[in-house]
Number of protein chains: 2
Amino acid sequence: MKIGQLARTAGLNASAIRYYEKRGLLAPPQRTGGQRRYASDALSRVLLIRFATGMGFTLAEIKLFLNGLRDNTPVGPRWKKLATRKLIEVEQNIARSRKLKSLLQGLLHCHCPSLQFCVNCLRLSPKLRRLENMRMKRR
Amino acid sequence: MKIGQLARTAGLNASAIRYYEKRGLLAPPQRTGGQRRYASDALSRVLLIRFATGMGFTLAEIKLFLNGLRDNTPVGPRWKKLATRKLIEVEQNIARSRKLKSLLQGLLHCHCPSLQFCVNCLRLSPKLRRLENMRMKRR
DNA sequence: GCTTGACTTAAAGCTAACTTTAAGTTCTAG
DNA sequence: CTAGAACTTAAAGTTAGCTTTAAGTCAAGC
């Protein structure tokens, strides 16, 4: 399978596949005349990577995980640790977003004119501070 | 107030304040010998900006909002539109994170050895696809 | 044999919100 | 008066996960 075929099948760009290879998530495949030729297991590998990025794992984390798998290491502890950490991140994100939501709803019901608005906002500063302290890296 | 003082009081770096000025969120203040001197209302302005970024608004959105305020435009429609849009984003983020959470919890209870894992993961692909379609810009 | 589409590389570009750096100026305390 | 802290600028660097570009090579169909 050429890279374009693999890309179309997996639903991403060929450049992404090359990027995964450069990042060490995908083993360099055989080549024919300089061009990459993939065996069919490459597809499931790529799909797994997409799946994991979709779940919010970073490429670095996925690489860790995949390298464990490549060694045929039992999935157990490695995966559990990564997933548990990610679960905590996701839960924090939910909590933060909930606070944000109620704050936004509250502010939407506050009909203050012009700059008085700011004053009202800043009265909420204890809440704000809690929010700011919760700020995550991303997502 | 010099920029360092303002920065310390507001809890950010002086470079961030200069950045806000360059981005047009903060009016250029008076200068003494080339150095910025801020009146006290600059503090509430900066705090408002921090507040809004903490709520997930981008600097571009905040600029829009602040320029409305500067004109003494009534807050009404402009703010309502921005906040409503942001509320939708936040709600989508919550929904997405909930799906992620249940997926992660499910996977944590799946004790499959080595690469079989991947197969199990990929069986979830309809869920995955829904997740992927939900992917937001950030946060 | 030739065209054309698919492939190759390294390096730069993208986004957001800043920070860091480098080189120079000004303020302030002693 | 002088040391050093704080300020100034423009430009480059940071993070992640790619994409785009430029310039060139290869493959497949006619």
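Note that these values count all heavy atoms, side chains included, but never hydrogens, waters or copies made by symmetry. In what follows, every chain begins at residue 1, and chains take the letters A, B, ... in the order their sequences are listed. No experiment lies behind these values; they were computed from the predicted model shown.
Whole-Å rounding puts the A:Glu21 CD to C:dC7 P distance at 14 Å. As a whole-Å value, the separation of A:Ile3 CD1 from D:dC18 P is 14 Å. When the P atom of C:dA6 is taken as reference, atom CD of A:Gln5 falls 11 Å away, rounded to whole Å. When the C1' atom of C:dC7 is taken as reference, atom CG of A:Asn13 falls 14 Å away, rounded to whole Å. The separation between A:Ile49 atom CD1 and D:dA16 atom P is 17 Å, rounded to whole Å. Atoms OH (B:Tyr20) and C1' (C:dA16) sit 12 Å apart, rounded to a whole Å. For A:Tyr19 and D:dT21, the OH to P distance is 19 Å, given to the nearest whole Å. The distance from atom CD1 of B:Ile17 to atom P of D:dA6 is 15 Å, rounded to the nearest whole Å.
Taking every side-chain heavy atom of A:Ser15 into account, D:dT19 is the closest of D:dT19, D:dC18, D:dC7. Here C:dC7 is the nucleotide among D:dT9, C:dC7, D:dT19 with the atom lying nearest to any side-chain atom of A:Lys2. Across D:dA27, D:dT9, C:dA17, the shortest atom-to-atom separation from the side chain of B:Arg31 is found for D:dT9. The A:Arg18 side chain lies nearest to C:dC7 when the options are C:dC7, C:dA17, D:dG17. Of all nucleotides listed (D:dC7, C:dA6, D:dT19), C:dA6 comes nearest to the side chain of A:Gln35.
The shortest distance between side-chain heavy atoms of B:Lys86 and B:Met55 does not fall below 4.5 Å. B:Tyr19 has its side chain out of reach of B:Leu25: every pair of non-hydrogen atoms, C-beta onward, lies at least 4.5 Å apart. A:Arg85 places a side-chain heavy atom less than 4.5 Å from the side chain of A:Leu82.
A donor-acceptor pair under 3.5 Å is absent between the side-chain atoms of B:Thr32 and the main chain of B:Gln35, judged by distance alone.
If A:Gly34 and A:Arg23 are placed on DNA chain D by their nearest nucleotide, the residue sitting closer to the 5' end is A:Arg23.
Residue B:Leu12 is out of contact with every strand shown, counting any heavy-atom pair closer than 4.0 Å. Nucleic acid contact for B:Arg36: sugar-phosphate only, since backbone atoms but no base atoms lie under 4.0 Å from a heavy atom of the residue.
A salt bridge is absent between A:Glu21 and A:Arg18: the closest approach of a Lys/Arg side-chain nitrogen to an acidic carboxylate oxygen does not fall below 4.0 angstrom.
An OP1 or OP2 oxygen of C:dT8 is reached within less than 4.0 angstrom by no side-chain nitrogen or oxygen of A:Arg37.
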